[in-house]
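Quick notes on the structure that follows.
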Amino acid sequence: MDELNDQRLQRLEKLETLKSHGVSPYGLRFDVTHTIVEIHTLHNTKKKEELDTNHISCTIAGRIVALRRFGKAAFATLQDGGDRLQVYLKQDLIGVELYGISKEFDLGDWIGVEGRLFRTKTDELTVEVQRYTFLAKGLRPLPEKWHGLTDIETRYRQRYVDLIANPDIHQVFRSRSQIITHIRTFLNERGFLEVETPMMQPIPGGAAARPFMTHHNTLDIDLYLRIAPELYLKRLIVGGLRRVFEINRNFRNEGISTIHNPEFTMLEFYQAYADYHDLMQLTEKLFSSLANTVCGTTNIDYQGQTINLASPWRRLPYLDAIVEINQVDPNILTNLDIAIEVAHSLKVHVEPEKGLISVLTQLFEATVEPTLIQPTFITDFPIEISPLARRKDTNPALTDRFELFVGGRELANGFSELNDPIDQRERFEGQVAQRAAGDDEAHYLDEDFIRALEYGMPPTAGEGIGIDRLVMLLTNQPSIRDVILFPQLRPEKSS
RNA sequence: GGGCCGUUAGCUCAGCUGGUAGAGCAGCUGACUCUUAAUCAGCGGGCCGUAGGUUCGACUCCUACACGGCCCA
């Protein structure tokens, strides 16, 4: 428990004062006629004279976030859903008794008011209060009115205070909801079926990542929180669902950073009879329609950079990108020694003992990714790092796969799915060997998934899009914690 | 895991080469019936992140730890 500071004690006393006057500090249901934003939308354009001749009554509710008293009159600012409206209390209008009780108002209290709309001398739209009622007494002081709450730790730990003190952030989370709604509509219109697949999986599959583990007592089995829904969604394609998608949480037991939260939201969708080229086009359409809906333009600003999401986007093969962007000897792609040498000259930390592909991957992450500011599809990933993707017909060492980068970050990953069960088994066995060699991010062998493929999966393309990073991009937020309401932190107290 | 930075009143922040802890907002008392960072007069409020150490004396210097941020691996 928090210490009882003087301001809390004073508010607890006010609570008793209210009760002694027969006023309940915590109200029951309250019928509002308008939200505050509705008042603004309906009446913002109405002039002073119009409001004086046509009485407009309303009943609204909100939290007191500013209070200015003048003896026998007072102005209060109510905040509701991030929007604000001024109300005016006058002793002459509401009577000595009710006005007297309003002296117990504190910043942070919820009240409901009934009254008439008018404009003040300074032309501010205001409710002239005829009646008011306490809805909830606030016992803790609010952050300062001018600077708001800036302490990042408190903002994340006590998001409710952040939402009170910094109403601007409401828009970020409204945009987040709008984005997800738009995606659902976009996919529904194209015949995709929304499904839900297990969050608790006996074999965590579909990605290279460390899982969280839990235990089911009755079955007495260990289960993993999913790192991806991929293998389950493809089982549904086998079953004939044809077009499916899922928007839900994935869990990865890894580091936390401005672009990583242990639980994060992923969209995955699968389309039978399609290939990765189809998905690239679909992704361009989805992103530009999202940008138009959320930002009103496809030319968006992200942290000082202008990003143009209008299609078409650049497509660049993975290996070419490493050579082209670094302007280096193409022989790095086939010769480990040259690759190591180049990595050293570029001051990129690599682990040569893990082989050529690992060195190239590290080179790619360090030197290519940060340069991909404008939307770019990197294509044709090596087979070693794509164990679920279809081989290229033209080059069996590469896959029909792409990753989308925007603002220097990976936002999406898609490919033509591997639907050959024999090849899939070999790929899994390669992963199992890597796991045995100490790679704890390598994929597990999922026998039931192979069995499903043996029933036959039509040619299919599938893609995953990181929703949190997408929201960061479209709302211009620098950290994933700014688009997740309750980001993961260490507990406040050790006890 | 490593480096750097931060942690002082409810909030936002000062606090010098070590010498009794400061402001603004918020709060309390009083005045004020159109204010909007209201104004005016007065008053309270501190485990200076935690634990050690150095010192006559530590918010200040040192060490460890906790929590957070940024960067790197």
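Proteins get letters first, then strands, A, B, ... in listed order; numbering begins at 1 in each. Source: prediction; values computed, not measured.
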task = Output the residues of residues 62-77 of chain A in contact with RNA chain B, where contact means a heavy atom of the residue under 4.0 Å from an atom of the strand; sort by number or write none.
result = A:Arg68, A:Arg69, A:Phe70, A:Gly71, A:Lys72, A:Ala73, A:Phe75

request  = Can you sort out which residues in residues 469-488 of chain A have a heavy atom within less than 4.0 Å of RNA chain B? Ascending by number, please.
outcome  = A:Arg481

Any Lys/Arg nitrogen of [X] or [Y] sitting under 4.0 Å from an Asp/Glu carboxylate oxygen of the other?
X	Y	value
A:Arg8	A:Asp6	no
A:Lys14	A:Glu104	no
A:Asp106	A:Lys137	yes
A:Arg226	A:Glu268	no
A:Glu50	A:Lys47	no
A:Glu369	A:Arg409	no

Nearest-angstrom distance from the residue atom CG of A:Leu107 to P of B:U12 = 16 Å

message = I need the CD-C1' distance between A:Gln158 and B:C11, as an integer number of Å.
response = 12 Å

note = Contact string for nucleotides 2-9 of chain B, one letter per nucleotide 5' to 3', B = base within protein heavy-atom range under 4.0 Å, S = sugar-phosphate only, - = neither, reads --------

What orientation do [X] and [Y] show, parallel under 30°, tilted 30 to 60°, or perpendicular over 60°?
X	Y	value
A:Tyr224	A:Tyr444	tilted
A:Phe118	A:Tyr88	tilted
A:Tyr132	A:Phe105	perpendicular

In whole angstrom, give me the gap between the [atom1] atoms of [N] and [M].
N	M	atom1	result
B:C71	B:C11	P	26 Å
B:C25	B:C62	P	35 Å
B:A14	B:C56	C1'	29 Å

query = If you take all heavy atoms of A:Asp380 and A:Tyr276, which pair is closest and at what distance?
reply = OD1-OH, 3.5 Å

Donor/acceptor link under 3.5 angstrom from [X] side chain onto base of [N]:
X	N	result
A:Asp6	B:G44	yes
A:Gln7	B:A26	yes
A:Glu124	B:U35	no
A:Thr120	B:U35	yes

note = For A:Thr154, the side chain to side chain donor-acceptor pair (under 3.5 Å) test, sequence neighbours excluded, returns A:Asp151

request  = Go through the structure and list residues passing side chain to side chain donor-acceptor pair (under 3.5 Å) with A:Thr120, not counting sequence neighbours.
outcome  =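 A:Thr120: side chain to side chain donor-acceptor pair (under 3.5 Å) contacts with A:Thr122.
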
request  = Taking atom NE2 of A:His21 as the centre, report whether more than 12 heavy atoms of other residues, nucleotides or ligands fall under 6.0 Å from it.
outcome  = no

task = Report the stems of RNA chain B as range-with-range entries sorted by first number; a stem here is at least three consecutive pairs, Watson-Crick or G-U wobble, both distances under 3.5 Å, and write none if there are none.
result = B:1-7 with B:66-72, B:10-13 with B:22-25, B:27-31 with B:39-43, B:49-53 with B:61-65

